[in-house]
Amino acid sequence: MAPSKPRVRFAPSPTGYLHIGGARTALFNYLYARRYGGTFILRIEDTDQERSTPESVKAILDGLNWLGLDWDEGPGKEGAFGPYFQTQRLDTYRAHADQLISEGKAFRCYCTREEIAARREVADKEKRAYRYEGTCYELKAPPEGKKLEDAVIRFRMPTGDGKVSYDDKVLGVITKPYSDLDDWVMMRADGIPLYNYGCVIDDHLMEISLVARGQEHINSTFPQLMLYQALGWTPPEFAHLPLILGPDREKLSKRKHPEADVMLHASTGILPEGLLNFVIRLGWSHGNDEVISREQMVEWFDFDGVGSTSGVWDPVKLKWFNQEWLKRLPSAVIAERLLPFLEARGFQARGDARLEPMVIALRERSQTLEEMANTASIYFRTGVTLDEKAAAKHLSGDSLGLLRQARERLVALPAWTVELLDGVVKTVSETASVGMGKVAQPLRVAITGNTTSPGIGETLLFAGRDEALRRIDAALARGG
RNA sequence: GUCCCCGUCGUCUAGAGGCCCAGGACACUGGCCUUUCAAGCCGGCGACACGGGUUCGAAUCCCGUCGGGGACACCA
């Protein structure tokens, strides 16, 4: 059942950053290839002259690299089926188009866009699919006033009441009558192929065995299928993946949804593991499993687990997944990834002994690296801003006395460890016959400026001996 | 408008005729734990769009209705 050595591809057009929908398409293709020992190909569909940019190519490669979705063939990994940029394959498209024309399966069309639009309008009004119907079919030479270079190349749709259908790996059999299809443009006058054309030529020549892409492409698979037929080629399998919808229930798009940008999430401290885990659960499942590692994804992924209903982007659940990975990944790894966020806040924490313990304490209280860095900043900074309400409640009256007692024992400590630090709180509270909270809270407010933080021993440790004592003194001074 | 796809808790989903008066996760919520906040643990709320069939029996199959989304370019 499982195809041996499938060849699959991700074929983005470089017209902006890598977006979430593309990332998921890439992920599914990647996983399928990895699971079955196949090949994952990255092909750049840069035929849109107006919108394609080298910067976008870089952005897409960067995005895939950040996600860890490495390709076997494609930019930077030239294989036997290159080149992998469509603009470098123009001769190939031209050659096949010429062949199709000579066989009467495609034709040069000299009509203006206006003429086409007008006729299409008439067809719409008469409630029938637009068909080119004629005039250019039999042309052996350009009509008066036109040149060969003016002609676009159109596919000549068979007439009659035939049907095209295929068995989608996700949706099952889908059929479309010929009468719904028109004489679509394969290639522009300047020799640039259009999507449906370039895609088929490349998929076949690159020996793609399965095309997995978003459901927005369902309708374009029919003209593509007709082309395979005309060329006498066996089409690959197709799997159309459910769409990812924005909070407004519309397809996640770059224009309307900022969260569609993969690297935006990187910048807010989402881990690639978290993003991938969230995204794979949108449209794919393996029983009730939620938190899934890369290894398990590779082991479990297949298209029979892909659902057919679109999923809504849920930033809350994304963060939950992210925290799960924050908690699961080795603390050293998280520490390393946290560094840039600390640097952005002006702190050089590399090599700081407090870093890893801090990660361990903070990852249970943070959903993103950004949150973690913000909290960690409190300890790296010099001085602290006290929250008025917290100070009023915990740095007044009896609390001040307890704080002073704690300070005396703290300075006397032989070493600054969590155990000894916690011990001080315990001793002071026992001596004064009060609950530990009576001692811990004033300390906490003095150190962090607020009433919430990790355990008091850790909090003191993170601030460091000198800084902690300074903050306590400041709090004491303030309280009178 | 035409064509295509889809329709289980608010959201992501399990479910492939009896195991389901529907299970898990997020969120929300009650409690436990506790030096705070988290984390963790225990509990609660909450859905098979609707109407017809088929069947001894339907969330699961068929038809219709309604609803949602997508595609209709010399963009991909």
Side-chain angles (χ1 to χ4, degrees), chain A residues 11-15 45-52 86 109 111-113 116-117 120 123-125 127-130 151-154 168 170-172 174-177 179-182 184-190 192-196 198-199 213-222 240 242-243 245 247 249-251 278 281-291 304 307-321 323 327 361-366 375 390 394 422 425-426 429 435-445 448 450-457 459:
Chain A
S13 60
T15 57
E45 307 216 327
D46 56 349
T47 55
D48 185 332
Q49 307 286 56
E50 272 83 63
R51 300 191 301 154
S52 296
Q86 289 193 317
C109 174
C111 301
T112 62
R113 295 174 197 235
I116 298 289
R120 178 166 276 136
D124 281 351
K125 206 162 288 173
K127 289 183 186 265
R128 60 187 167 78
Y130 167 72
V152 299
I153 296 173
R154 284 181 183 275
D168 195 285
V170 172
L171 302 169
I174 307 177
T175 306
K176 197 119 183 174
S179 56
D180 281 355
L181 272 14
D182 61 13
W184 51 280
V185 176
M186 293 168 25
M187 195 148 67
R188 306 199 317 186
D190 59 9
I192 302 291
L194 261 47
Y195 173 68
N196 280 150
C199 181
R213 71 232 303 192
Q215 282 186 359
E216 71 269 27
H217 288 114
I218 290 177
N219 288 308
S220 63
T221 108
F222 297 99
H240 286 94
L243 267 12
L245 272 25
R249 308 295 162 110
E250 287 188 29
K251 188 175 74 156
F278 170 67
R281 290 290 293 111
L282 232 38
W284 176 84
S285 61
H286 181 266
N288 283 331
D289 294 306
E290 291 282 345
V291 181
D304 56 14
S308 47
T309 64
S310 304
V312 176
W313 179 265
D314 180 359
V316 176
K317 191 148 188 181
L318 167 63
K319 284 192 170 190
W320 176 79
F321 271 118
Q323 182 169 24
K327 288 189 294 192
L362 262 25
R363 61 180 172 188
E364 298 192 339
R365 294 160 239 263
S366 316
T375 308
H394 298 287
D422 279 334
V425 173
K426 197 168 182 229
S429 68
M436 291 210 279
K438 287 285 183 197
V439 183
Q441 282 307 78
L443 274 170
R444 200 180 316 272
V445 174
T448 69
N450 226 309
T451 53
T452 67
S453 83
I456 194 62
T459 300

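Proteins get letters first, then strands, A, B, ... in listed order; numbering begins at 1 in each.
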Could you work out the separation of [N] and [M] based on their [atom1] atoms and round it to a whole Å?
N: B/rG64; M: B/rC26; atom1: C1'; answer: 36 Å
N: B/rC42; M: B/rG69; atom1: P; answer: 39 Å
N: B/rU65; M: B/rG1; atom1: P; answer: 15 Å
N: B/rG51; M: B/rG40; atom1: C1'; answer: 48 Å
N: B/rU54; M: B/rG67; atom1: C1'; answer: 25 Å
N: B/rC19; M: B/rU60; atom1: P; answer: 13 Å
N: B/rU11; M: B/rG46; atom1: P; answer: 16 Å
N: B/rG43; M: B/rC37; atom1: P; answer: 23 Å

Atom [atom1] of [X] and atom [atom2] of [N]: how far apart are they, to the nearest Å?
X: A/Ile218; N: B/rC4; atom1: CD1; atom2: P; answer: 11 Å
X: A/Arg444; N: B/rU34; atom1: CZ; atom2: P; answer: 15 Å
X: A/Gln86; N: B/rC74; atom1: CD; atom2: C1'; answer: 15 Å
X: A/Arg281; N: B/rU11; atom1: CZ; atom2: C1'; answer: 12 Å
X: A/Asp289; N: B/rG15; atom1: CG; atom2: P; answer: 11 Å
X: A/Leu243; N: B/rC4; atom1: CG; atom2: C1'; answer: 12 Å

Which part of the nucleic acid does [X] contact within heavy-atom distance under 4.0 Å: base, sugar-phosphate only, or nothing?
X: A/Asp190; result: nothing
X: A/Ile456; result: base
X: A/Gly214; result: nothing
X: A/Arg363; result: nothing
X: A/Val425; result: nothing
X: A/His240; result: nothing
X: A/Lys176; result: sugar-phosphate
X: A/Leu443; result: nothing
X: A/Pro454; result: base
X: A/Glu45; result: sugar-phosphate
X: A/Thr459; result: nothing

[X] side chain to [Y] main-chain N or O, any donor-acceptor pair under 3.5 Å?
X: A/Asn196; Y: A/Met186; result: no
X: A/Arg363; Y: A/Ser366; result: no
X: A/Asn450; Y: A/Thr452; result: no

Among [options], find the nucleotide with the atom closest to the side chain of [X].
X: A/Lys317; options: B/rU11, B/rU36, B/rA25; value: B/rA25
X: A/Val185; options: B/rC74, B/rC26, B/rU35; value: B/rC74
X: A/Glu250; options: B/rG24, B/rU36, B/rG70; value: B/rG70
X: A/Leu171; options: B/rC6, B/rU36, B/rA27; value: B/rC6
X: A/Ser285; options: B/rA25, B/rC5, B/rU13; value: B/rU13
X: A/Asp180; options: B/rA76, B/rC74, B/rC3; value: B/rC3
X: A/Thr47; options: B/rA76, B/rC26, B/rU35; value: B/rA76
X: A/Lys327; options: B/rU36, B/rU13, B/rA39; value: B/rA39
X: A/Arg188; options: B/rA76, B/rC74, B/rG23; value: B/rC74
X: A/Arg365; options: B/rA39, B/rC6, B/rC37; value: B/rC37

For side chain to side chain contact (heavy atoms under 4.5 Å, CB included), just list the numbers for A/Gln49 and A/Arg188, CA-CA rounded to whole Å, side-chain angles, deciding distance to a tenth of an Å, and then say yes or no. CA-CA 12 Å; A/Gln49 307 286 56; A/Arg188 306 199 317 186; 4.0 Å; yes

Kindly indicate, with the supporting measurements, whether the criterion side chain to side chain contact (heavy atoms under 4.5 Å, CB included) is fulfilled by A/Arg213 and A/Thr221. CA-CA 11 Å; A/Arg213 71 232 303 192; A/Thr221 108; 3.1 Å; yes

Should A/Leu245 and A/Trp313 be marked as a side chain to side chain contact (heavy atoms under 4.5 Å, CB included) after you check the CA-CA gap, both sets of side-chain angles, and the distance that decides it? CA-CA 6 Å; A/Leu245 272 25; A/Trp313 179 265; over 6 Å; no

Measure across [X] and [Y] and return the closest heavy-atom pair with its distance rounded to 0.1 Å.
X: A/Ser453; Y: A/Arg444; result: OG-NH1, 2.9 Å
X: A/Gln323; Y: A/Arg365; result: NE2-N, 3.9 Å
X: A/Ile192; Y: A/Thr47; result: CG2-O, 3.3 Å

Suppose we define a pair by two distances each less than 3.5 Å, Watson-Crick or G-U wobble; what does [N] pair with here?
N: B/rU35; result: none
N: B/rU65; result: B/rA49
N: B/rA22; result: none

Item to complete: Output, in order, the C-alpha distance, side-chain angles, deciding distance and verdict of side chain to side chain contact (heavy atoms under 4.5 Å, CB included) for A/Val445 and A/Thr451.
Response: CA-CA 6 Å; A/Val445 174; A/Thr451 53; 4.1 Å; yes

Contact string for nucleotides 61-68 of chain B, one letter per nucleotide 5' to 3', B = base within protein heavy-atom range under 4.0 Å, S = sugar-phosphate only, - = neither, reads --------

**Request:** Would you please indicate if the ring centroids of A/His217 and A/Tyr195 are separated by under 6.0 Å?
**Result:** yes

Margin query: Once hydrogens and angles are ignored, does a donor-acceptor distance under 3.5 Å link the base of B/rG69 to the side chain of A/Gln215?
Written below: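 When only heavy-atom distances are counted, A/Gln215 does not reach the base of B/rG69 through any donor-acceptor pair under 3.5 Å.
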
